[in-house]
Amino acid sequence: MRGCYPAHPTSTSRRSIDRGLWCISGIGLGALVLAVAPSTAAGQGVAGRVMANDRPVAGAAVETAVGVAPALTDSAGRFRLGLPPGRHALSVSALGHEGARRTVEVQGSDWLEVEIELRATAVMLDAIVVTGLMRETTVSESPAKVDVVSGRQLQRTVASSLMEVIGHVNGLYAQVDCGVCYTNNIRINGMEGPYTAVLIDGMPIMGGLASVYGLNGIDPGLVEQLEILKGPASTLYGTEAMGGVVNVITKSPRFAPRLVIDGNRSSGGETNVNAAASFRGDGLGGLLSATATRADARLDANADGFTDSPLLDRVAVFGKLEWRREGERRGMLTAKVYREDRFGGQLGWSESDRGSSSVYGEWVKTRRAELLGTIRPSGMEWLSADVSLSIHDQESWYGDVRYDARQAIAWGQVTWRARPGGHDVLAGAAMRWQTYDDDTPATGEPERQLIPGLFVQDEFDIGGSLTVVGGMRVDHHEEHGGIVSPRLNVLWRPFDETQIRLNAGTGFRVVNLFTEDHAALTGAREVVVADALRPERSWSVALNVNRVVDFGVNPMMIDVDAFHTRFTNRIVADYDADPALIVYDNLRGHSVSRGFAFSLNQNFARFPLRYTAGATVQDVRVMRDGIERAEIHSPSWKGVLGLTWTFARPALTLDWTGSFVGPMRLPEYEAPFERRTRSPAHSVHNLRAGLTLAGGVEIYAAANNLFDFTQGSPLVDPANPFGDAFDTTWVWGPVRGRQVIVGARWGLSR
């Protein structure tokens, strides 16, 4: 094993972390638990169903202009909206459908029964996004290209965490960094996970340490939608946004069902239980959710003596409060606490073997807390303030090497908006404070960073069909001084239903090595940092063409992208100089990520089918000392397919998702442990069937990895895990075979 001489954290440090965790959970969740209570229903209003082609539309929002909180349709398309007597204009919207309006008149204490028909259309063009410009706009009107994945699309696959379904999104790849404990990251257009900034409700609280395991604590059932911005976004979001942004938008209490209980069990020994409750009152809404996951089966189908997937014991509690005035959101408070114990290793390992040099195991205990807040003062719509705080604590053993680490991030931002003379100007000041400490020799003293930043952007229309956005950001780092990040976005609408976008800009990233590359923590290779690491920089340009093609009542959305990103000062892990070493240094040369992507979306009006399909072809290369080589673990192409069949009688939904992964370059090993240096192309398919019964009950069954494809053992020399050749990073495909899952869900709508 490589050398690692831990200096255990002091008890004072550990107590400080524990107090911080309990402080956040006490402030945030305490307020939320007290707030969640049954709401009083109105005595009259509108009730009915929302349909499309004789099929119910679930998740449609029915709202009015009188400040009453919207109603959300259940799985049978039914809703109930309390309204005072009088005439009201109803507005109905649902992803994948054209919006509809209906004027109704409520009389006395009666409930007016209505049925509202929607028309299926190309999906996502009218979805509301905030990521591209840091303000609400629709996908079609945003000069910055933003891809949207709805919560319904994410739930095509039964999964206990967001990371398990992210690989079915076009242009995104969930890379597994360790074949024992299954750390993972999100790659955008082939670029490594640390280049992706992960936001929760628009706030950057997922630091480098959280990206190792914390992303696994996001329940897909809590996600309203994903907003994906590909390409540098440092102008608005600062460091870590070099490759792109994944913004996880959590559900709003306005649209959440009153009560939901969901549970399932897999053939691989994993059990998931989720429960959520929400309320809506006069201008105030709340949501409280709890999720528990337990995987306790030690499976070894590839017969390498190690568990094929980690054992898990995970609990997450999430709460959210929103308050509104005159229909506009004025404030939000979100809190979450997350606990996970994880183990992967030899089958005979037990907790008494932690730190053992005879029985190999990777044991990780993660504790995390988050608190997010937003306020938009009434009467001051031009001003907004956002704050967040997160604390992440990890205790772990990788074989006989101990790794304890703590990271805290506090972030605040104030934005100001003005609209002088046809311009839409956004200016802001941000402050990010973060601290990181671990017990490795590379971190002698705790690292503390205070990063202030100023940014401004101007959006203006030229002639009605052309919109231009220009922006600039300046951040200051103690070690690196000021870092400038400009951006340019152009949206041109040459024809109806056609948008052409040109996006260009720069990105930067300040690196914390041991929180971002799991190869530095496990395996036998010795880690060498060759020089003082400088911030990475990138320049990028992307062209997007979006067109809705009219096929009568079955319109199709076609989306095509071409992209090119060039990195300088890139920090590269060199596996080739010496098979016994991992050498980290700023690249003396450059690296390039380039390629193109396309996607198709279509709903059929007279046939119960909708689909999404897409593919990304990419070339990610590193030029070092005049020699150009492909990036390790970057597929040359990737495709996705999603099909949904919905039947009215019986109320049955079938979902098929497929992920197709092209060849990728793999690490090289010395004899006698040679492995193939390029993976084969492969695919993974999932099938889900859900049957809705009376009373809001749905029973479902799923087969993940339907065709039982696996790569075999991802380990090098698993018979000698404490030897010099042992390595855990040879992962290019699924290790776990087919999993059959059965479950039930019960929801109580408004």
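As the structure is a prediction and not an experimental result, all values here were calculated from the model. Only this structure's heavy atoms are used, side chains among them; waters, hydrogens and symmetry mates stay out.
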Verdict with supporting geometry, Asp424 and Arg419, salt bridge (charged side-chain N to carboxylate O under 4.0 Å, His left out): CA-CA 5 Å; Asp424 190 336; Arg419 295 179 173 86; 3.8 Å; yes
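Panel note: side chain Arg487, backbone Met472; no donor-acceptor pair is recorded below 3.5 Å. With hydrogens and angles disregarded, a donor-acceptor distance shorter than 3.5 Å links the side chain of Ser142 to the backbone of Ala144. Between the side chain of Asn272 and the backbone N or O of Ser160 there is no donor-acceptor pair closer than 3.5 Å. Thr366 places no side-chain N or O within 3.5 Å of a backbone atom of Arg339 that could act as its donor or acceptor partner.
Between Gly202 and Asn247, the shortest heavy-atom contact is N-OD1, 2.9 Å. Taking each heavy atom of Asp393 and Ala405 in turn, the nearest pair found is OD1-O, 3.5 Å.
Scored by the salt bridge (charged side-chain N to carboxylate O under 4.0 Å, His left out) test, Arg448 finds no partners at all (sequence neighbours excluded).
Electrostatic pairing of Arg406 and Asp404 does not count as a salt bridge here, judged by no charged N lying under 4.0 Å from a carboxylate O. Using a cutoff of 4.0 Å between basic side-chain nitrogens and carboxylate oxygens, Asp341 and Lys365 are not scored as salt-bridged. Salt bridge Glu698/Arg745: absent, no basic N to carboxylate O contact under 4.0 Å. The residues Lys320 and Asp201 are annotated as salt-bridged, a charged nitrogen and a carboxylate oxygen being separated by less than 4.0 angstrom. Under 4.0 Å is where a charged nitrogen must lie from a carboxylate oxygen, and between Lys230 and Asp147 at least one such pair does.
In summary, of the residues considered (Arg368, Gln407, Arg367), a side-chain hydrogen bond (donor to acceptor under 3.5 Å, both in side chains) with His392 occurs for Arg368 alone.
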